[in-house]
Every structure is written in structure tokens, then in C-alpha cells.
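What follows is one structure encoded as C-alpha cells, with my remarks underneath.
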2 protein chains.
Amino acid sequence: MRRASTQLQMDRREEILAAAKRCFSRSGFHGTSMQEICAEARMSPGSLYRYFPSKEAIIAGIAEQDRADVAQTFRAIAEAPDFFQALAYAARHYIVEESVEEICLQTEIKAESRRNPEIAKIYATIEQDVKSGMLNLLRSAVARGDIPSHIDLEVAATMLMALVDGLYWRRAVDPEFDAETVLPTLLSVTHFLLTGERNTKNEMARRPAAGE
Amino acid sequence: MRRASTQLQMDRREEILAAAKRCFSRSGFHGTSMQEICAEARMSPGSLYRYFPSKEAIIAGIAEQDRADVAQTFRAIAEAPDFFQALAYAARHYIVEESVEEICLQTEIKAESRRNPEIAKIYATIEQDVKSGMLNLLRSAVARGDIPSHIDLEVAATMLMALVDGLYWRRAVDPEFDAETVLPTLLSVTHFLLTGERNTKNEMARRPAAGE
DNA sequence: TAAAAGCGAATGAACATTCGCTCGCAAAAC
DNA sequence: GTTTTGCGAGCGAATGTTCATTCGCTTTTA
């Protein structure tokens, strides 16, 4: 019997997903033909269909990867010693370092999840994971005394997610948008949201003084 | 020559756009066939094509309408006497009152603008209008003394747009999300962003006390 | 009565998916 | 050590469907 082929199969699947991601972020899900994905993956249609039963299965595969990534990120944050620092790290990860291609892909998946129940289910799970992950973080921060107990964590979590989402999309929309510039303000607002106080360390952006 | 037909033509165009919007928000741009739009608009393909030369032209028409709406909204805000109150009004308009269908349509247009240059141009113009509209508002608020002059308006505008965008999308993503609940916090954060101070009037959400 | 508005079957292209095939390898048979 | 054989992997032309768009005709309207 052929052994070790399982690993090879997995590798091949990942290669196909990577090729598909490139195509989709370039031309969108519906603007990309299977032939294009085949070309990008250097593979014939017949062969590709051995790995994925349909085009939709490819998107589902990509969404599944994203879910794994999100879980991974939250695990990393939860383990970090300082809460606000970990948040800052995560914010930088999503808002500055993520490539624009990746963001476009997210737009595509989001639109697709409106009409494909399979994708919608995966997407909903991701959202769910993010929200409960965030709430867990906030709860343990309250327990540790980093956040005062009178804060409504549900609302705070929602606002944080909305804010990060909004900045995330902005990168795809506005080519001039420089994420680095708003990061201090983001941290400052985060601090305000979670404590109701100004933060004296992370000062928000001021207008550049004349002559600067 | 036929006169007054111009107005009728315009009406018919709007009817078609309305029908198309219903279809698109239900099944997405690529999931909707021209036949479906025809059925929704009670019209034959041959006839429909007298009003729009292509499917893309229909989307462009919808995007164009959106542009007009945005301009209209900003004109209304600019005329309002109290700045923060006007902002609150606009926030409510976009985050609470806008229908989920409308939001789905926006997702669709956003994804489409990644591959259709015509749509991309209209979309970029809308973003541009929103940003400059917002900046104008903020500048006149500074002039009036409603906002201290040390605030970096560019950053503040970006953050506000991101926040509203994020909440806007959240409604499409999370069916449990209740916009009304976060509105006070949104206003409080807005105030913080624009003044660097806590707002004593719009208190942000606190955790409901036991027994409430 | 002529122009405008509407009709809907026909057209042709694009595209997801299938199918029958070849190739090369590795283990079984000798 | 050589030959045989069966299978996984890959190929790419062919298939069948879906769908935007067109065109020649009819109906309405002013």
C-alpha cells in the first residue's frame, strides 16, 4: 500500500489553496475560473478535482484555514503576561502586518458567506470564536484587576471588534491609509473603553506642531 | 419628438434599480441572473436592456445612487446647529436605521469594486466624499470651539469612520448585535476621540447592576 | 401613423465538472 | 535480480448547462 502519501496529499492541498488565494484576491471568487486556479497551481483540472470536489470546497478550505489562524492568535494572546501589551501586539498583527491581499480575500469570503450556507457556517464560527475569545480575555483581565469591574464587557468587546474591523477594511479601501499612524490612538481608545479613563502612557495623536 | 418621456424614463430606471437591489441583496451580484431581475421588475430582458446597456451598468447605477445619498446626508449634518447632536443623529441613521438588506448590498458592491474599475471609481469617490465631508465638519467644529485645536483631525476622522464602518458591518455579521445598546458608548468614544476628555453627559455603558 | 416601449425565443460564449486515458513507481511474484 | 502488476497521480479534451445579450417582431401611445 502507498504510505506517507497522506502527508504529500496534505501538502498538495495546501499548495492548491495558496494558488487559489492568489487568484481569488486578484479577481474575486466569481471572477476566477477553475482553469485559472489550475494554471496558478500548475495542475490540470482533472488532477485538481482529485483534491477538492468543487470550487466551493476550495473556498471552504480557505475559510477553514482562517479559523485555525484565529484560534492560534487568541491562544498566543491569552498566554502573554501583560494584557494591554498583548492587545497591542494583536492589533499590530491585524492592522499593520496583514497583507492587503489577505484583506481583499476576507471581503470576498464575507460576500460569499451571504449566499453559501457552508461558508456562512464557517464564517459564523470564526466570529463566535473571536467574540468568546475576546470576552475570556477581558474577564480574566477583570479578575486580575487590570480592568475595573463596572465596565460592560459585552459592549466593550463589541466596540473593540468593530474598531479593529473598521481599520482592517480601511486598508483595502484607502491606499493612503497608514495604519501605523493611528495605532497609538487605537490603543488610547482601547484603554478608554476598558477603563473609562485616559491613559497617561499611550497618548493619542495630536496635531503635529508647526515646524515639524 | 416625444417629450416628458424623460421623466417616465427616469422613473422606470429607478424601478429597475430598486428591483435589482432587492435581487442583489438576496443572492449577490453574481448569484443573480438578468432573468431574475427582469422577473422582479416585471419586465422582459429586451425591454430592460433599453434602460441599462449591461448588468454592470445596473450596479454602477446603484453605486451612483449611494453616492448621492452620502452627499445628501453630509449636507444635512453640516446644517444642523449642534455638532455632537448632528453626529449622533448620523450615527443612528447609519448604525440603527439602515436595513440589513442595504448593508448586504454594500458588502456586495465593495467586493465588486475590487474587480470592476468602473465601480471602483465610484466607490473611491464615495469614500473621498465621506472623508472630506467629515474633515470639513471637524474643522468647522474646531473653528466654533467645540473641539480643542490640538486634536489631529485626520486621525480622528479616520478612527470615527472605521468605528462606524465596523459597527455597520457587525449588523450583517452578528444577528444578535443590537446597535441601540452600543450607541451611548459610541457617542462617548466619539467625544473622547474629539476632545481627549471623558464626556460627563453621554456616559458609556456600565455593567447592569445586579437585580436590574 | 410613426416613434417608443415592450416582448421573449434564439444565440453564442464562458465555465464547472467529468471521463477515459497515460505514466511511473513500488511491491509482489518468480 | 528481474519481471509483472496494480494503483495513485496527473492529464486535457469533451460535455452540458447557465446566462448575458441580441434581434425581429408586436403593442401602446401621443
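None of these values were measured; they are calculated from a predicted model. In the text below, chain A, chain B and the rest are named by the order of the sequence lines, each starting its count at 1.
Residues that satisfy the salt bridge (charged side-chain N to carboxylate O under 4.0 Å, His left out) test with K131(A), not counting sequence neighbours, are E154(A), D174(B). Scanning for salt bridge (charged side-chain N to carboxylate O under 4.0 Å, His left out) contacts around D178(B) gives an empty result, with sequence neighbours left out. Partners of S33(B) under the side chain to side chain contact (heavy atoms under 4.5 Å, CB included) rule, at least two apart in sequence or in another chain, are Q35(B), E36(B). Judged as a side chain to side chain contact (heavy atoms under 4.5 Å, CB included), and not counting sequence neighbours, the contacts of C38(A) are P45(A), L48(A). Looking at residues two or more places apart in sequence or on another chain, you find a side chain to side chain contact (heavy atoms under 4.5 Å, CB included) between R139(A) and L135(A), N136(A), L153(A). With sequence neighbours excluded, the residues that form a side chain to side chain contact (heavy atoms under 4.5 Å, CB included) with L87(A) are F83(A), T190(A), L194(A). With sequence neighbours excluded, the residues forming a salt bridge (charged side-chain N to carboxylate O under 4.0 Å, His left out) with E180(A) are R92(A), listed by chain and number.
When rounded to the nearest whole Å, the span between CG of D11(B) and P of dG6(C) equals 12 Å. Atom-to-atom, CD1 of I37(B) to P of dC19(D) comes out at 12 Å; the value is rounded to the nearest Å. Rounded to whole Å, the distance from CD on E15(A) to C1' on dA9(D) is 13 Å.
The phosphate of dA5(C) has OP1 or OP2 within less than 4.0 Å of a side-chain N or O from Q9(B).
Residues from residues 104-112 of chain A with heavy atoms under 4.0 angstrom of DNA chain C: there are none. Within residues 38-62 of chain A, the residues having any heavy atom under 4.0 Å from DNA chain D are, by residue number, M43(A), S44(A), P45(A), G46(A), S47(A), R50(A), Y51(A). Across residues 19-34 of chain B, T32(B), S33(B), M34(B) each have a non-hydrogen atom less than 4.0 Å from an atom of DNA chain D (numbered order).
Y51(B) pairs in a side-chain contact (heavy atoms from CB on, under 4.5 Å) with only one of the listed residues (E14(B), E15(B), M43(B), M10(B)), which is M43(B).
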Please report, to 0.1 Å, the donor-acceptor pairs under 3.5 Å made by any side chain of residues 70-78 of chain A, with sequence neighbours excluded.
from   : atom 1 : to     : atom 2 : distance (Å)
Q72(A) : OE1    : R75(A) : NH1    : 3.4
T73(A) : OG1    : D69(A) : O      : 3.0

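A side-chain hydrogen bond (donor to acceptor under 3.5 Å, both in side chains) check over residues 76-89 of chain B, counting only residues at least two apart or in different chains, returns nothing.
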